[in-house]
Amino acid sequence: MKDQSATGEGPNFFERAFDVVRQIPQGRVATYGQVATLMGEPRKARLVGFAMHQSPGLSGGVPCHRVVYADGSLTPGFAFGGPGEQRRLLVTEGVTFTKDGKVDLEKHRWEAGV
DNA sequence: GTAGTGACCACAC
DNA sequence: TGTGTGGCCACTA
């Protein structure tokens with residue numbers, strides 16, 4: 001059966017990933033690995049990325065643009081409808097970038113419970 | 001039911 | 001210090 005959640009102990013992996021991402025406040029960002037860790041699955045960072053790919057997007061309440069690589073880099077570009085789109089959204093929310101074009105994680109890294 | 005894919009992360013050289 | 005590779009797991013076709 002599909003039962004996605006398999007264990008039946010809660011929503012499937014995607015739903016849980018979306019739930020964590022929804023908790024990221026405006027002006028803050030989190031890494032894929034961080035989201036996975038919050039889910040209790042630190043080794044499933046790749047799945048988080050795949051979940052974001054399948055996410056409904058902002059319209060679905062999932063600010064996937066607030067999720068970035070561990071080093072602050074943004075997604076390759078084909079996401080969000082075009083290169084720089086993710087960055088533009090983050091800038092609009094007040095997120096700043098380094099000279100390397102990466103998110104300033106030191107300032108905007110979101111930490112659960114904060 | 002099987003195989004391939006994927007918006008990652010960490011380690012090793 | 002920087003680059004490259006492997007491993008991990010779930011979802012889709």
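Just the heavy atoms: all of them, side chains too, but no hydrogens, waters or symmetry mates, feed the values below. Below, read A as the first sequence line, B as the second, and so on, with proteins coming before strands; counting in each chain starts at 1.
Looking only at atom types and distance, the side chain of A:H65 has no donor-acceptor partner in the side chain of A:E85 under 3.5 Å away.
Rounded to a whole Å, the CD atom of A:Q54 is 20 Å from the P atom of C:dC9. One can place CE of A:M39 at 11 Å from C1' of C:dC9, the figure rounded to the nearest angstrom. A:Y32 places its OH atom 20 Å from the P atom of C:dC9, with the value rounded to the nearest Å. For A:R46 and C:dC9, the CZ to P distance is 12 Å, given to the nearest whole Å. As a whole-Å value, the separation of A:E41 CD from C:dC11 P is 11 Å. Note: CG (A:L47) to C1' (C:dC9) measures 5 Å, nearest angstrom. Atom CG of A:D71 is separated from atom P of B:dA10 by 11 Å (rounded to the nearest Å). Going from atom CZ of A:R16 over to atom C1' of C:dC11 covers 15 Å, rounded to whole Å.
Here A:E111 does not pair with A:R28 in a salt bridge; the nearest charged N to carboxylate O distance is not below 4.0 Å.
A donor-acceptor pair under 3.5 Å links the side-chain atoms of A:H108 to the main chain of A:T96, judged by distance alone.
Of all heavy-atom pairs between A:T98 and A:D104, the closest is CG2-CA, 4.1 Å.
Regarding contacts with the backbone of C:dC8, every side-chain N or O of A:K44 stays at 4.0 angstrom or more from both OP1 and OP2.
In this entry B:dC11 has C:dG4 as its Watson-Crick or G-U wobble partner, both defining distances falling under 3.5 Å.
Comparing A:V68 and A:F50, the nucleotide of DNA chain B nearest to each residue sits closer to the 5' end for A:F50.
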